[in-house]
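Naming convention: chains lettered A, B, ... in sequence-line order (proteins, then strands); numbering from 1 in each chain.
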Amino acid sequence: MRDYLADRILAALATLGGAPDGFVPEFQQPANPEHGDLASNAALQLARHFRRAPRQVAEDLARALDVDARRITSVEIAGPGFINFRFGPAWLTDELARIVQAGEHYGRTGSGTDRRAIVEFVSANPTGPLTVGHGRNAVLGDTVANLFEWTGYGVTREYYFNDAGRQMRVLGESVKARYLAFVDPSRGTREIEGPSGPVAVPDGFPEDGYLGDYIGEIARGLHETHGADLVDAPADGPFKEAAEQVIFREIESTLHRLGIRMDTYFNERTLYETGRIWEIVEALRGRDLAYEKDGATWFRTTAFGKEDDTVLVKSTGEPTYRLPDIGYHVDKLERGFDRIIDIFGADHIATYPDVVSGVKALGHDTDRIEVVIYQFVTLVRGGEPVKMSTRKATYVTLDDLMDEVGEDVTRFFFLMRSPNTHLEFDLDLAREASEKNPVFYLQYAHARIASILRKAEEVGFAFDPDADLALLTHETETSLVKVLLGFPEAVERAAEAREPHRVATYLRDVAVAFTQFYGACRIIGEDPKLASARMQLATAARIVLRNGLSVLGISAPDRM
RNA sequence: GCGCCCGUAGCUCAACCGGACAGAGCGGCGGUCUUCUAAACCGCAGGCUGCAGGUUCGAGUCCUGCCGGGCGCGCCA
C-alpha cells in the first residue's frame with residue numbers, strides 16, 4: 001500500500017511541476033484514528049520547494065492525485081497539511097484473505113534473500129553456568145537471528161570461546177584442589193575471602209578460585225571414575241578438561257531449554273593453530289601499524305584517532321584478546337557472510353573500534369560488521385540490587401530463573417525492552433506475579449482463538465473458507481484487520497533495527513485488538529455467513545500471534 | 001578527566017530514519033462473569049518528556065551546554 005501511494009504521489013507531483021530529485025514520499029500511521037489509516041507529510045516537506053503554504057500544496061496535490069477507489073476511499077487534508085488516506089473495505093478484505101492463505105509464512109519477507117548472516121552470541125567461556133546476565137545476550141542474539149531468517153537471510157548462529165587463558169587455568173586449579181580433598185578428606189583447609197565473609201577451602205585452592213558448587217561436583221565425578229589416579233596430574237590437564245566438558249554440556253542444555261541451538265562453535269585456539277594471528281601481526285607491521293616496544297607488540301591505534309596505542313602481544317608472548325578478535329572477524333569475512341553481527345554487553349563497547357580498525361587496516365570491508373550492544377541487567381531481590389560474580393558464585397543462573405518463571409517468561413522478559421536501555425529484573429516480582437507478565441496476555445489471546453476453533457468443531461459448525469469477508473464491518477473487526485496487516489512491516493523494521501522488542505510491542509497491539517473484537521463480537525451462534533467471516537478473521541489473528549511469538553521464540557499454547 | 005548509553009505517569013518501559021492531542025503494563029480508585037477461557041474487559045486519576053538554549057512549518061526524537069545515573073578507559077576478556 002505504501003509503495004502504491006508513493007507511486008501515485010510521485011505521479012501527481014509530476015503534473016505539478018515535479019518534485020526535487022531524490023524525493024521519496026514517507027508515510028506514517030496516524031495515532032488518532034480520525035486521521036485515517038495512513039498519512040503523508042509530502043506537502044509539509046515540499047512547501048519550501050514550491051514556495052507555498054503547506055496546506056496549499058496539500059490541496060493541489062490531493063486534487064492531482066489519481067487513486068484506485070477500491071483501495072482508497074478517501075483523501076483528506078488535515079492539520080498543518082497532512083494528506084490522510086482511508087483504505088477501502090474491499091482492499092482490506094482482500095488482504096485479510098491473503099493472511100489466511102499465507103499461514104505460517106505470513107510476515108516473511110524477501111529483503112534478505114540469497115544473503116547470509118552470522119550472529120555471534122553468548123560466547124561465554126566455560127568457567128561456570130550461564131547466569132541471568134548471559135540470558136539477555138543469548139535471547140537477544142537468537143531472536144536477532146530469527147529476525148534475519150524472517151527477512152530471508154540464511155543465518156548461522158555461532159558461539160565463540162576460548163579455553164586457554166588465565167580464567168580457565170584458575171578453573172582447573174579450583175577443581176584439582178577439590179579433587180585432592182575428596183582423595184584425602186583429612187587434607188587441610190584454609191580460609192579465603194568469599195561473597196559474604198571468609199569461606200573454608202582445601203589447601204591448594206587458588207586465592208581467586210571458583211567457589212560454585214559445580215566445581216565440587218566435577219571433582220567428585222573425577223574421584224568416582226578415577227579414584228586417586230589423578231593426584232599427580234596437572235591442573236590444566238584432566239581437571240581443566242573435565243571442567244570444560246561438563247560446563248559446556250550444561251551451557252548447551254541451558255540454551256536448549258531456551259530454544260537456542262548453535263550452528264557452530266568457534267574455538268579461539270584455532271586462530272593460533274593456523275598461524276592466522278601471527279600473519280595478522282606481520283601484515284600490520286608491514287603497514288607500519290604494529291611495532292615493538294618494551295618487549296611487547298603494539299597496535300598503532302593512534303593512527304585511527306585513539307589517544308593511545310594498544311598492546312597486541314604481551315611481553316610474555318601471549319596475545320591480548322584484540323589480536324584473535326581481529327583474526328576471528330577476518331575469518332568470518334572470508335567465510336563470505338554479508339552481515340556479521342556481534343552481540344555484546346555494554347562493557348565491551350570500547351573494544352569494538354580497535355577490532356574494526358584492525359580488520360579494516362588489513363583491507364577488508366568492515367561495513368559488513370555490526371555490533372548490537374545491550375545494556376546490563378540489574379537483578380533486584382527484595383528491593384535491593386544483587387551483585388553478581390561467577391567466581392564468587394553469587395549469581396542467579398539462567399536455569400534457576402527458568403525454574404522460577406518458565407522459559408517463555410524468561411525469553412519475553414529479555415526481549416520486551418529496547419537493547420540499549422537498562423533492564424531491571426525484579427526476581428520477587430517475576431516469581432510472585434509471573435501470571436501478570438505480559439507474555440501471558442499474548443498467549444492467552446492465542447489460546448482463546450484455539451478454544452473457539454475447538455468449540456466450533458464440538459458443535460459441528462463447519463465454517464465456509466470462502467466466506468464473504470465484506471460482512472466484517474464492526475469497528476473492532478476492521479481495526480483488527482488493520483493491525484494484522486502491519487505484521488510484515490513490524491518484522492521488517494525490527495529486523496532492520498536489530499530490535500526484537502518492536503515485535504513484542506506490536507504483538508501486544510494485536511492481542512489488544514483481538515481481545516476487543518472478542519469482547520464485542522461473537523462467532524459461534526451468529527448467522528453462518530457472518531460466523532464464517534469472523535472465523536476467518538480469528539484465524540488470521542491466530543496466525544499473526546503464532547508467527548509473532550515464533551519470531552520471539554515463545555510458545556503459542558492452544559490451552560492455558 | 002575522556003568516550004559510549006540512559007533520563008518520559010508513583011514504578012517498569014513504548015513512541016515506527018523530526019509529525020497531528022506523548023502511549024501501555026503494573027500499582028491506585030470505580031464498575032463488569034447464565035454466553036467461544038474473567039490469565040479478561042470498560043471507566044477514572046496520574047506528565048513543564050532532567051534543566052537551559054538552539055535548529056524549523058513542526059522536537060521526547062537533531063545540535064550545544066549543564067545536572068543526575070550506568071558502563072568503559074589494563075601487557076584482563
Taking the [atom1] atom in each of [N] and [M], what is the distance between them to the nearest angstrom?
N	M	atom1	answer
B:rC42	B:rU61	C1'	33 Å
B:rC2	B:rG65	P	10 Å
B:rA39	B:rG27	P	15 Å
B:rG46	B:rA24	P	15 Å
B:rA9	B:rC5	C1'	23 Å
B:rU32	B:rG58	P	49 Å
B:rU64	B:rA59	C1'	15 Å
B:rG10	B:rC66	P	29 Å

[X] [atom1] - [N] [atom2] separation (whole Å):
X	N	atom1	atom2	result
A:Glu424	B:rA14	CD	P	13 Å
A:Phe463	B:rC36	CZ	C1'	14 Å
A:Arg417	B:rC11	CZ	P	14 Å
A:Glu492	B:rC17	CD	P	13 Å
A:Leu312	B:rA77	CG	P	12 Å
A:Arg166	B:rG74	CZ	C1'	13 Å
A:Glu475	B:rC42	CD	C1'	14 Å

With side chain to side chain donor-acceptor pair (under 3.5 Å) as the test, would you mind laying out the steps for A:Gln167 and A:Thr127 before giving the verdict?
-> CA-CA 7 Å; A:Gln167 284 183 332; A:Thr127 57; 5.1 Å; no
Considering only heavy atoms from C-beta outward, does the side chain of A:Glu268 approach that of A:Tyr272 to under 4.5 Å?
-> yes
Under 3.5 Å, which protein N or O atoms sit close to an N or O of nucleotides 18-20 of chain B? Give each pair with its distance.
from, atom 1, to, atom 2, distance (Å)
B:rG19, O2', A:Gln28, NE2, 2.9
B:rG19, N7, A:Asn41, ND2, 2.9
B:rA20, N6, A:Asn84, OD1, 2.6
B:rA20, N1, A:Asn84, OD1, 3.3
B:rA20, N1, A:Asn84, ND2, 3.1

If each of A:Tyr518 and A:Ala296 is mapped to the nucleotide of RNA chain B with the nearest heavy atom, which maps nearer the 5' terminus, i.e. the 5' end?
-> A:Tyr518
Residue closer to the 5' end of RNA chain B, A:Arg508 versus A:Asn125 (nearest nucleotide) = A:Arg508
Using nucleotides 31-35 of chain B, report all nitrogen or oxygen pairs with the protein that are shorter than 3.5 Å.
from, atom 1, to, atom 2, distance (Å)
B:rU35, O2', A:Arg522, NH1, 3.1

Options [options], nucleotide nearest the side-chain atoms of [X]:
X	options	value
A:Ser418	B:rC75, B:rC41, B:rA14	B:rA14
A:Tyr444	B:rU12, B:rG72, B:rA38	B:rA38
A:Ile524	B:rC36, B:rA77, B:rA39	B:rC36
A:Met560	B:rA39, B:rC36, B:rC75	B:rA39
A:Asp347	B:rC36, B:rC71, B:rC75	B:rC71

Pair [X] and [Y], ring centroids less than 6.0 Å apart:
X	Y	answer
A:Phe425	A:Phe413	yes
A:Phe412	A:Phe440	no
A:Tyr328	A:Tyr160	yes
A:Phe248	A:Tyr159	yes

What's touching nucleotides 54-56 of chain B from the protein side, N or O pairs under 3.5 Å?
from, atom 1, to, atom 2, distance (Å)
B:rU56, O3', A:Arg48, NH2, 3.2

Checking all strands, does [X] fall into the base, sugar-phosphate, or nothing category for heavy-atom contacts under 4.0 angstrom?
X	result
A:Tyr506	nothing
A:His348	base
A:Asp294	base
A:Asp309	nothing
A:Ala47	nothing
A:Ala447	base
A:Arg502	sugar-phosphate

So CZ of A:Phe85 and OG of A:Ser40: to nearest 0.5 Å the spacing works out to 5.5 Å
Going from CD on A:Glu370 to CD1 on A:Ile343, what distance comes out if it is rounded to the nearest 0.5 angstrom?
-> 9.0 Å
State the dot-bracket string of RNA chain B. Criteria: Watson-Crick or G-U wobble, both atom distances under 3.5 angstrom; notation: ( ) intrastrand, [ ] crossing earlier pairs, | interstrand, . unpaired.
-> (((((((..((((.....[...)))).(((((.......))))).....(((((..]....))))))))))))....
Taking only N/O atoms, report every protein-nucleotides 62-64 of chain B pair under 3.5 Å with atom names and distance.
none

Carboxylate-amine/guanidinium contact [X] [Y], below 4.0 Å:
X	Y	value
A:Arg2	A:Glu26	no
A:Lys332	A:Asp342	yes
A:Asp208	A:Arg166	yes
A:Arg454	A:Asp558	no
A:Lys529	A:Asp464	no

Mind telling me if B:rC57 is syn or anti? Syn here is a glycosidic angle within 90° of 0.
-> anti
Determine whether the side chains of [X] and [Y] contain a donor N or O and an acceptor N or O closer than 3.5 Å.
X	Y	result
A:Ser111	A:Glu492	yes
A:Thr143	A:Arg411	yes
A:Asn267	A:Asp163	yes
A:Asp354	A:Thr301	no

Base of B:rC75 paired with side chain of A:Ser315 (donor-acceptor, under 3.5 Å) = yes
Anything under 30° is parallel, anything over 60° is perpendicular, the rest tilted; go ahead and classify A:Phe161 against A:Tyr265.
-> perpendicular
Any side-chain N or O of A:Lys314 under 4.0 Å from OP1/OP2 of B:rC76?
-> yes
Sub-3.5 Å pairs of nitrogen or oxygen atoms, protein against nucleotides 3-6 of chain B:
from, atom 1, to, atom 2, distance (Å)
B:rC5, O2', A:Gln375, NE2, 3.2
B:rC5, O2', A:Asn420, O, 3.0

